[in-house]
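Everything on this sheet refers to the single structure shown next.
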Amino acid sequence: MQNLNFEKALNRRKFLAATAIGAATLYLPSCKKDDTDDGAKKQEAIVIGTGFGGAIAALRLAQSGVQVTMIERGRRWDITPTFDTFSPSLPADKRSTWLDTRTNLPLEFANMNIEKYIGVLERMIFENISVYAGAGVGGGSLVYGGMTVEPNADLFAQAFPPEISLSELKSKYFPTVKQMIGATKAPADLLTTEYYQYANFCKQQTENVSGANPVYIEQAYNWDIIRKEMNGELPASAINGDLIYGNNTGAKNSLDQNYIKQAESTGKVTIKTQHQVANIKYDPATEKYTVECDIINEQGDVVSSTSLSTYNLFVAAGSVNTTRLLVKAKNKGYLPNLNSEVGNGWGTNGNGMFMRSQLNGNSGAKQAAPPVLAIQDYENSIAPLLVESAQFPVGFECNCLLHLGLTYNTQRGKFVYNSQTDDVVIDFPSTGNDTSVSAIENFVNRVNAQSGGVLGSGFLQGVTKNFTYHPLGGMLLGKACDLWGRVQGYNRLYVIDGSLIPGTTCCANPSLTIAGIAERNIEHILTNDF
Ligand code: FAE
């Protein structure tokens with residue numbers, strides 16, 4: 001179905017080229033320059049960022065014949081024959097962390113000093129909230145858990161513009177994304193091993209709790225590779241619980257293994273790594289965008305700079321970094337026509353991490369990535385909630401479980417430009433995650449009343465309220481952008497990443513929604529603008 005749509009877009013381009021320069025050109029590649037001004041503008045594009053939005057934009061543009069330059073601040077992280085591409089979780093090394101001298105996981109006991117390096121996981125610290133994001137070719141997919149979860153339909157109808165149809169995403173775009181990233185549920189033979197005892201134990205602990213509905217979820221993982229790790233044919237990585245700093249056996253289907261690999265195989269995509277975009281500018285005389293980049297070494301020092309220009313700019317640097325670039329461009333007068341919605345509507349997807357401990361039963365000494373179980377608590381009296389059962393690979397029986405809660409939280413922050421520091425920060429209320437904490441406490445109280453145990457452990461007290469793995473918003477669909485990600489006030493400037501999303505993916509991890517909407521938007525843009 002998806003291919004058919006791209007074929008349609010391609011045929012439309014061929015038709016336009018043919019009507020412009022004659023039938024003889026009908027079978028020429030659709031991006032050959034035609035004799036209209038517009039034709040010249042449709043030959044090339046720049047995509048900033050190689051995460052979900054960027055990878056999807058690049059592949060679909062390239063398949064339609066457009067020459068694409070992708071700009072990425074980080075490095076490539078190809079799986080090596082020696083299976084040692086990424087830092088292990090414990091002990092971590094410099095490859096773990098983006099330009100910091102200490103790792104900075106929310107679980108402080110796991111942190112350690114390291115050399116400054118262009119590692120995979122970035123933490124951005126703002127006054128009331130810290131935000132995590134991936135860095136490198138593949139973006140957030142390098143560090144993510146592969147959890148591929150569909151939004152709750154009732155909440156989606158409340159949060160998203162009515163023109164964005166969840167049923168269309170579910171029937172058309174989510175299946176494409178899942179097929180591309182290989183998202184499936186863990187097979188039964190793996191779930192019954194000691195490595196997923198923690199998930200099965202969590203299911204037992206929650207299945208009789210009123211309102212709670214534990215479900216196994218789909219994962220962008222290659223289960224055959226995990227099986228090989230389990231039977232010793234491959235070194236241990238996922239089965240050690242390694243996830244957040246990358247997976248060394250290739251079990252995690254990160255975007256460099258699917259969308260980006262296919263995009264590069266078209267021969268139309270070039271990726272410029274260690275290019276950190278500093279500014280985006282527009283010249284009305286040439287109708288071109290200029291992307292100013294710092295070229296950085298592996299320690300993050302700027303070694304030189306360069307400027308690239310394009311008629312078609314797709315910004316996909318993730319919610320925080322995309323919005324920062326555009327808020328800065330508006331305030332510095334580089335993109336003065338951006339509207340007043342730029343920087344608004346940012347949310348945390350209601351993230352709160354917590355543990356339950358002193359449990360009556362074994363959670364398992366060996367706990368493999370990825371997480372496979374989530375508990376739907378949509379009728380929670382404080383706020384709808386999804387609770388995920390995360391691996392906690394400390395290597396001994398702790399009779400405890402680690403969780404990430406995703407609450408439907410309507411509190412929003414905004415991005416603010418500071419002219420003195422020439423920087424953009426997130427202004428998020430200090431009480432912004434209070435509802436998430438209360439909803440999670442409500443859930444834990446019900447579970448503990450049924451199954452025993454306490455909230456918190458020696459590793460993590462209470463529910464966190466000060467960080468998110470799921471930054472969303474800043475350049476919302478239907479506000480700062482139109483309903484397809486075209487930035488209001490400019491032609492041929494697009495946002496295609498998590499900054500389009502209205503602060504929540506409605507009790508689901510964000511990647512599937514971001515990717516599904518990216519597929520939807522780029523299809524429309526290719527049909528109508530190229
Ligand atoms: P993203 O994937 O962040 O890509 C942005 C790209 O832009 C990156 O490659 C950056 O390096 C690059 N970039 C940024 N600034 C610049 C610049 N100035 N110049 C050049 N390049 C730049 O954006 N989601 C799920 O659905 N399931 C999960 O299991 C899950 N687990 C997660 C675990 C962790 C620890 C974290 C941090 C996130 C997790 N997420 C998960 C969230 C998911 O990774 C995130 O929503 C998406 O990656 C966001 O996709 P975007 O396309 O918006």
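Indexing begins at 1, ligand by ligand and atom by atom, following the structure's order. Just so you know, these numbers use all the heavy atoms, side chains as well, and skip hydrogens, waters and symmetry mates.
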Worksheet, complete the sentence: Note: A316, heavy atoms under 4.0 Å from ligand 1, region reported as backbone
Practice prompt. For S64 and V66, indicate whether the former's side chain and the latter's backbone hold a donor-acceptor pair under 3.5 Å.
Written response: no
Discussion item. What I want to know is whether G49 and ligand 1 share at least one N or O pair that is separated by under 3.5 angstrom.
Written reply: no
Worksheet, complete the sentence: Heavy-atom proximity to atom 31 (N) of ligand 1, picking from A133, P106, G145, points to G145
Worksheet item: Please state which protein non-hydrogen atom is closest to atom 11 (O) of ligand 1 and give its distance, to 0.1 Å?
Response: E72 OE2, 2.6 Å
Discussion item. With respect to G138, determine whether any N or O atom, backbone or side chain, lies less than 3.5 Å from an N or O atom of ligand 1.
Written reply: no
Discussion item. Return the closest protein heavy atom for atom 4 (O) of ligand 1 as residue, atom name and distance.
Written reply: G51 CA, 3.3 Å
Item to complete: Pick, from M70, R73, M147, the option with the minimum heavy-atom distance to atom 20 (C) of ligand 1.
Response: R73
Worksheet item: Starting from atom 38 (C) of ligand 1, which protein heavy atom do you reach first, and at what distance in Å?
Response: Y469 O, 3.2 Å
Worksheet item: More than 12 non-hydrogen atoms from neighbouring residues, nucleotides or ligands closer than 6.0 Å to NZ on K332, yes or no?
Response: yes
Worksheet, complete the sentence: the protein heavy atom lying closest to atom 19 (N) of ligand 1 turns out to be V277 N, 2.9 Å
Item to complete: Consider only side-chain N and O atoms of Y282 and R492, and report whether a donor and an acceptor are under 3.5 Å apart.
Response: no
Discussion item. Would you call the rings of W484 and H524 parallel, tilted or perpendicular, taking 30° and 60° as the class edges?
Written reply: parallel
Item to complete: Look up atom 42 (C) of ligand 1 and tell me if a protein heavy atom lies less than 4.0 Å from it?
Response: yes
Item to complete: Please determine which of N433, T407, T504, T468 meets the side chain to side chain donor-acceptor pair (under 3.5 Å) test together with T348.
Response: N433
Discussion item. Could you identify the single nearest non-hydrogen protein atom to atom 15 (N) of ligand 1 and state the distance to 0.1 Å?
Written reply: N321 CB, 3.4 Å
Fill in: For atom 52 (O) of ligand 1, closest protein heavy-atom neighbour
G53 N, 3.0 Å
Discussion item. Side chain, backbone, both or neither: which applies to H275 and ligand 1 if a contact is any heavy-atom pair less than 4.0 Å apart?
Written reply: backbone
Worksheet entry | Top protein contact for atom 30 (C) of ligand 1, by heavy-atom distance | Y144 CB, 3.4 Å
Discussion item. We want to know whether T323 and W346 form a side-chain donor-acceptor pair, criterion being a heavy-atom distance below 3.5 angstrom.
Written reply: no
Worksheet item: Are side-chain N/O atoms of Y216 and N200 paired as donor and acceptor at under 3.5 Å?
Response: yes
Discussion item. If I apply the N/O under 3.5 Å rule, does G140 come out as touching ligand 1?
Written reply: yes
Worksheet item: Which heavy-atom pair separates L99 from G300 by the least distance, and what is that distance?
Response: CD2-CA, 3.5 Å
Worksheet item: Angle class for the F459/F392 ring planes (parallel below 30°, perpendicular above 60°, tilted otherwise)?
Response: perpendicular
Worksheet item: For atom 45 (C) of ligand 1, which protein heavy atom lies nearest, and how many Å away is it?
Response: I514 CD1, 4.5 Å
Worksheet entry | Non-hydrogen atoms of V177 and G516 that approach each other most closely | CG2-N, 3.9 Å
Item to complete: For the residue pair F314 and Y494, categorise the inter-ring angle as parallel (less than 30°), tilted (30 to 60°) or perpendicular (more than 60°).
Response: parallel
Response to the item:
Honestly, for N509 the part within reach of ligand 1 (heavy atoms, under 4.0 Å) is both
